[in-house]
2 protein chains.
Amino acid sequence: MLKQERHKLILDMLKTSKKVLSKNLSDELQVSEDTIRRDLKELELQDLIYRVHGGALLKEIRVRSYDERSTADIDEKKKIALKAVKLLKSGQVIIMSGSSTNLELAKIIPSEINATIYTYSLPIAVELSHHPAIEVIFIGGKLNKEAQVTVGIDVVNPIYNISADICFMGTDGIDISRGLTEPNWEVSRIKNSMIRASNYVVVMCVSSRVNSVKRHSVVPITEIDAIVSDINPDHSMFSDFKALDLTII
Amino acid sequence: MLKQERHKLILDMLKTSKKVLSKNLSDELQVSEDTIRRDLKELELQDLIYRVHGGALLKEIRVRSYDERSTADIDEKKKIALKAVKLLKSGQVIIMSGSSTNLELAKIIPSEINATIYTYSLPIAVELSHHPAIEVIFIGGKLNKEAQVTVGIDVVNPIYNISADICFMGTDGIDISRGLTEPNWEVSRIKNSMIRASNYVVVMCVSSRVNSVKRHSVVPITEIDAIVSDINPDHSMFSDFKALDLTII
DNA sequence: AAAAAAAATGCACAAACACGCAAAAAAACG
DNA sequence: CGTTTTTTTGCGTGTTTGTGCATTTTTTTT
């Protein structure tokens with residue numbers, strides 16, 4: 001394995017797990033710890049990582065925007081993103097809704113994944129624009145400044161022409177009888193069309209919001225294929241969903 | 001086997017496997033490692049591969065280019081933005097192209113201005129989303145990561161349905177006989193449709209680029225209503241434009 | 001304070017590299 | 001067609017780079 005390959009792998013690992021241990025790296029990459037230390041030294045010199053005793057930590061490239069810092073349940077959302085990223089594969093056509101969970105997902109997509117992603121979220125598009133291999137299609141429309149997503153009929157129409165392999169849908173409300181629900185009517189219509197355009201629908205939901213219902217219906221629960229949450233998929237909370245053949249991750 | 005044949009094969013291999021080793025190549029292509037090294041050296045000189053000890057890797061597109069470009073002539077662009085902002089009035093429907101000059105303009109729009117702005121530039125949309133009274137319509141499409149704008153047929157079509165009061169157009173080339181020109185073909189088509197959708201067209205151009213011609217034509221000079229530059233509007237450089245009844249600001 | 005873990009340092013060695021040169025191959029020319 | 005010129009290739013030389021190991025120093029843990 002080439003030195004640069006190792007460097008890339010180390011950076012990718014850091015991106016997803018935020019820390020790496022020299023010991024683990026030497027084991028996984030099949031080189032001596034000395035070599036790993038030299039690698040980390042180089043990466044530190046390039047200002048790409050923050051080296052500490054025992055390994056290295058992720059270097060925060062930029063101070064993240066204010067609204068992101070204040071995001072509720074950010075740790076839970078990062079957990080969800082870590083599980084969801086495993087569903088991504090090269091060659092897929094992907095639709096991503098405009099949730100903060102999806103933003104976390106966008107941040108940790110490995111650089112070797114080569115796929116097409118449709119989104120109508122400004123921050124997700126910005127994040128993905130730094131990815132070397134993802135083709136980004138932004139769905140235009142009137143910008144909702146609060147949610148930083150585009151809304152309106154101009155968003156719904158183009159979605160009808162998409163045929164996606166997988167849809168990552170962030171949500172505020174999922175319930176066994178009422179299905180997927182959403183507080184904003186316009187967003188509910190957009191989410192509905194996104195789901196109808198996708199072969200496989202993954203709902204990402206923090207555990208505290210499972211079994212909550214919002215004002216506007218998006219789709220019945222039967223339209224959902226999988227739920228990714230921050231907690232153990234064997235939790236009793238999900239038993240009803242499992243009975244309906246949903247995959248819990 | 002000819003040298004160019006090898007080069008092509010090497011590039012093909014790189015595309016599929018993302019890395020090549022000099023040793024393997026010399027074995028597969030039946031030439032000495034020295035020859036392979038010379039090949040790789042040439043390909044590196046053409047910026048097609050990233051050469052490393054032991055072989056070569058796929059060249060990753062640096063996304064930094066946009067940030068680099070946006071800082072060129074930044075003082076001139078701020079001057080232009082200061083002049084252009086005076087043309088903005090509440091109630092207008094505005095189209096903004098994706099230049100760094102327009103980004104500077106977006107930053108200084110007074111908070112009391114209440115207008116609708118169409119744009120296809122990611123950074124401009126992000127900037128405008130912080131404005132309290134501007135309604136932002138983002139024109140979607142495939143994202144060009146380098147310029148951070150959307151391009152393609154999906155951008156041009158929606159513009160035909162717009163009717164705008166004023167269009168702020170950043171440019172790399174304006175010339176009295178060739179009119180507005182643009183290095184990127186797709187962008188030239190988008191700019192053309194933007195101008196046709198607008199009542200009044202303002203071209204913003206740093207003085208050093210006045211009288212420069214790029215590859216693709218956007219519109220003849222007669223379609224332009226005003227030019228905003230960083231220098232004195234009475235400069236002799238503009239006398240020809242004035243004769244055609246263009247406003248110089 | 002002692003023990004353990006990790007890091008720095010110096011060294012050895014193999015692999016990969018650069019450079020010059022000459023042979024071979026290809027192209028250009030009369 | 002043969003000859004000259006240019007390009008491409010392989011080889012010998014010495015140099016650089018990447019890696020692992022032993023030893024010492026530093027940091028962390030107990």
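Across all non-hydrogen atoms, the minimal contact from B:Asp175 to B:Ile221 is O-CD1, 3.8 Å.
From the 5' end on, the contacts that DNA chain C makes with chain B at under 4.0 Å to a non-hydrogen atom open and close at C:dA16 to C:dC19. Between chain B and DNA chain D, the heavy-atom contact criterion of under 4.0 Å yields a 5' to 3' nucleotide range of D:dT8 to D:dG18.
Residue whose closest nucleotide on DNA chain D sits further toward the 5' end, between A:Met1 and B:Lys3: B:Lys3. Between B:Leu40 and A:Asp34, the residue anchored nearer the 5' end of DNA chain C, judged by the nucleotide with its closest heavy atom, is A:Asp34. Both A:Gly55 and B:His53 lie near DNA chain C, and the one whose nearest nucleotide falls closer to the 5' end is A:Gly55.
You'll find the ring centres of B:Phe138 and B:Tyr120 outside the 6.0 Å limit.
Defined by atom type and a distance below 3.5 Å, a donor-acceptor pair is present between the side-chain atoms of B:Ser129 and A:Gln148. Of the N and O atoms on the side chains of A:Ser239 and A:Ser236, not one donor lies less than 3.5 Å from an acceptor on the other residue. No hydrogens or angles considered: nothing links the side chains of B:Ser188 and B:Glu182 as a donor-acceptor pair under 3.5 Å. Judged by distance alone, the side chains of B:Ser97 and B:Lys191 never bring a donor and an acceptor atom under 3.5 Å apart.
In this structure, the separation between CZ on A:Arg38 and CZ on A:Arg6 is 9.5 Å, given to the nearest 0.5 Å.
Under the side chain to side chain contact (heavy atoms under 4.5 Å, CB included) rule, A:Tyr118 has a single partner from A:Val136, A:Val93, A:Ile94, which is A:Val93.
In this entry D:dG18 has C:dC13 as its Watson-Crick or G-U wobble partner, both defining distances falling under 3.5 Å.
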